[in-house]
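Here is the structure we will look at, set down as structure tokens.
This one's a predicted model, so the numbers in the text were calculated from it and none came from an experiment.
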Amino acid sequence: MANNNLVGFFKDYLTEDTLFQNKKALSTSYTPQEISHRDKEIDQVAGILAPLLKYDKPSNLFMYGKTGTGKTLVMKYVTQQILKVAEEKKTAIQIIYLNCKLKRIADTEYRLIAQLIREMGKEVPPTGLPTDEVYNIFYKILENNPCMLLIVLDEIDQLIKKAGDEIIYNLTRINSDLKESQITIVGISNSLVFTDGIDPRVKSSLNEEEVVFPPYNALQIQDILKERCTTAFKKDVIKEGVIEKCAAYAAREHGDARRAIELLRVAGEVAERKKKKVVDITDLDEAEEKIEKDRVIDVIKTQPKQSQAALYCIVEIFEVKRKKIHTGEIYEKYKNICGNLNLRPLTQRRISDILAELDMFGIINSQVISKGRYGRTKEISLAFSTSMLTKIKKLLQQELGI
DNA sequence: GTCAATTCACATGAAAGAGACCACGGTCTAGTG
DNA sequence: CTAGACCGTGGTCTCTTTCATGTGAATTGACGA
């Protein structure tokens with residue numbers, strides 16, 4: 001675009017009518033006025049947490065449910081309402097919401113407590129202090145400002161997996177020492193099975209009450225999407241069938257409403273960029289592809305060099321072989337490549353872990369298989385479509401500086 | 001032919017080391033009155 | 001005398017390595033029919 005046109009472009013851009021009315025309604029952090037199809041869960045959660053308002057300690061609560069089933073939404077909604085009442089009645093309630101998945105915020109014991117302290121308005125160095133010390137600071141704050149503290153730990157499974165189950169035990173133990181304040185913990189988790197390996201004491205203290213969130217079915221997702229659409233989009237922008245398809249897609253992905261909403265938003269953006277007046281099914285398909293591509297690219301870019309190199313090996317081998325690949329082959333290739341890249345080759349043990357990480361990010365599919373006499377290995381294939389292969393390869397070459 | 005033992009090629013776990021980052025307290029240094 | 005620079009110590013955290021143990025079915029080989 002020539003420079004002299006740019007001003008015109010921006011002006012056009014401003015006056016151009018957008019398909020959206022209130023795009024925020026489609027963002028992940030948006031809390032709608034009313035939450036549909038979750039009445040039962042809201043009532044349960046509210047019932048369990050209500051004692052807070054009377055300065056009674058409620059039971060610790062545990063919430064299960066797959067991603068996008070509205071756990072966080074329900075929790076935020078209920079806590080908002082509690083805070084509203086608390087403000088009216090001048091009840092000292094503090095609610096701290098922490099997402100344990102966010103790196104460098106609450107993924108270790110130290111950081112979790114440090115973050116809690118920060119939320120309560122005191123500064124703590126990000127590292128350098130002994131963990132006991134941080135506990136002491138936390139304890140003192142609680143003793144000095146008596147309150148009912150509700151800690152919501154989202155994705156608590158990540159925290160426990162990385163940092164062990166002692167944290168929860170320690171937090172619940174603080175309670176018995178506290179005279180003025182009380183702590184209640186709410187754990188939110190995606191996986192139903194994660195409590196299996198943890199200390200029974202921790203389990204019982206955490207699991208005093210539990211609420212399970214079933215996945216939405218296609219019809220429910222349709223309802224939710226329709227509701228969001230009326231606020232988010234202008235009238236009659238969404239063509240018939242789009243919402244239905246969007247819902248069907250999400251229902252296939254274990255009823256993930258968040259995905260469905262994101263899909264709809266991206267579809268809107270795609271249509272808008274094409275200067276269309278409506279969003280139709282082709283936009284939806286394009287959006288699906290775009291989301292997938294962006295996700296993969298985003299993950300790859302944020303990976304460390306070693307992981308990128310490992311992935312590059314997989315891509316290269318796959319280009320030739322077009323079949324499932326085994327760990328051994330990758331490691332051989334990887335060792336060769338390291339020389340060219342000026343990388344210190346890691347041990348096979350580490351590469352094995354890196355492969356597991358890539359699997360977790362959904363970049364590759366790996367499955368442990370036994371080939372009988374010929375050993376046991378991971379069978380690996382790429383998790384993105386082959387049409388993206390060359391693009392990904394180029395991206396990797398660029399990242400690695402080949 | 002049948003069945004248990006063997007074997008392969010890694011997976012998976014645990015522990016511990018290296019190196020980065022950081023806070024804290026003590027010591028040293030230079031600037032100030 | 002004091003503020004700031006500079007060290008040493010002790011702490012966390014991430015990424016790795018090292019060592020050890022586990023694993024599941026194809027293969028092997030002994031055994032009996």
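In this structure, the CD atom of A/Gln115 is 18 Å from the P atom of C/dT12, given to the nearest Å. Note: CD (A/Gln367) to P (C/dG24) measures 13 Å, nearest angstrom. Look at NZ on A/Lys378: it is 14 Å from C1' on C/dT23, rounded to the nearest Å. Rounded to whole angstrom, the span from the CD atom of A/Glu109 across to the C1' atom of C/dG11 amounts to 14 Å. The nearest whole Å value for the distance from the CZ atom in A/Arg349 to the C1' atom in B/dA14 is 9 Å. Whole-Å rounding puts the A/Ile354 CD1 to C/dT14 P distance at 16 Å. Following rounding to the nearest Å, A/Asp353 (CG) and B/dT12 (P) show an atom-to-atom distance of 9 Å. Atom CG of A/Leu112 and atom P of C/dT12 are 15 Å apart (whole Å).
Using modelled atom types and a 3.5 Å distance limit, the side chains of A/Thr67 and A/Asn190 yield no donor-acceptor pair. A side-chain donor from one of A/Tyr135 and A/Glu109 sits under 3.5 Å from a side-chain acceptor of the other. In summary, the side chains of A/Tyr312 and A/Glu399 do not present any donor paired with an acceptor at a separation below 3.5 Å, with no hydrogens or angles considered.
Atom NZ of A/Lys323 sits in a sparse spot, with 12 or fewer heavy atoms from other residues, nucleotides or ligands closer than 6.0 Å. For A/Gln81, the CD atom counts as densely surrounded, since its 6.0 Å shell holds more than 12 non-hydrogen atoms of other residues, nucleotides or ligands.
A/Ile224 is not listed as a side-chain neighbour of A/Glu227, based on a closest heavy-atom distance of 4.5 Å or more. Taking 4.5 Å as the limit, some side-chain heavy atom of A/Leu142 sits within range of a side-chain heavy atom of A/Met120.
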Could you walk me through whether A/Arg259 and A/Glu262 satisfy the salt bridge (Lys or Arg N to Asp or Glu O under 4.0 Å) test, starting with their C-alpha distance in whole Å, then the side-chain angles of each, then the deciding distance to 0.1 Å, before giving a yes or no? CA-CA 5 Å; A/Arg259 283 277 278 279; A/Glu262 192 193 0; 5.5 Å; no

Go through the steps to decide whether A/Lys293 and A/Glu286 satisfy the test salt bridge (Lys or Arg N to Asp or Glu O under 4.0 Å), and finish with yes or no. CA-CA 11 Å; A/Lys293 199 175 100 192; A/Glu286 231 170 276; over 6 Å; no

When you compare the protein's N or O atoms with those of nucleotides 18-25 of chain B, which come within less than 3.5 Å of each other, and at what distance?
none

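Shown for residues 368-375 of chain A: residues whose heavy atoms fall under 4.0 angstrom of DNA chain B, namely A/Val368, A/Gly372, A/Arg373, A/Tyr374, A/Gly375. Contacts with DNA chain B (heavy atom under 4.0 Å) in residues 306-345 of chain A: A/Thr327, A/Gly328, listed by number.
Judged by the 6.0 Å distance and 45° axis criteria, A/Arg38 is not positioned over the aromatic ring of A/Tyr77. A cation-pi arrangement is present between A/Lys76 and A/Tyr97, with the terminal nitrogen or guanidinium carbon under 6.0 Å from the aromatic centre and inside a 45° cone about the axis.
Separating the NZ atom in A/Lys71 from the NZ atom in A/Lys66 is a distance of 10.0 Å, to the nearest 0.5 Å.
When each of C/dT14, C/dT17, C/dG22 is scored by its nearest atom to the side-chain atoms of A/Arg111, the top-ranked nucleotide is C/dT14. Side chain of A/Thr377, nearest nucleotide from C/dT18, B/dC10, C/dT12: B/dC10. The listed nucleotides are B/dA14, B/dC10, B/dA11; the one nearest the side chain of A/Gln348 is B/dC10. Of the candidate nucleotides C/dT23, B/dT12, C/dT12, C/dT12 has the atom lying nearest to any side-chain atom of A/Thr131.
Under 3.5 Å, the side chain of A/Arg350 and the base of C/dT16 form no donor-acceptor pair of N or O atoms.
Checking the phosphate oxygens (OP1, OP2) of C/dT16, no side-chain nitrogen or oxygen of A/Thr347 falls inside 4.0 Å.
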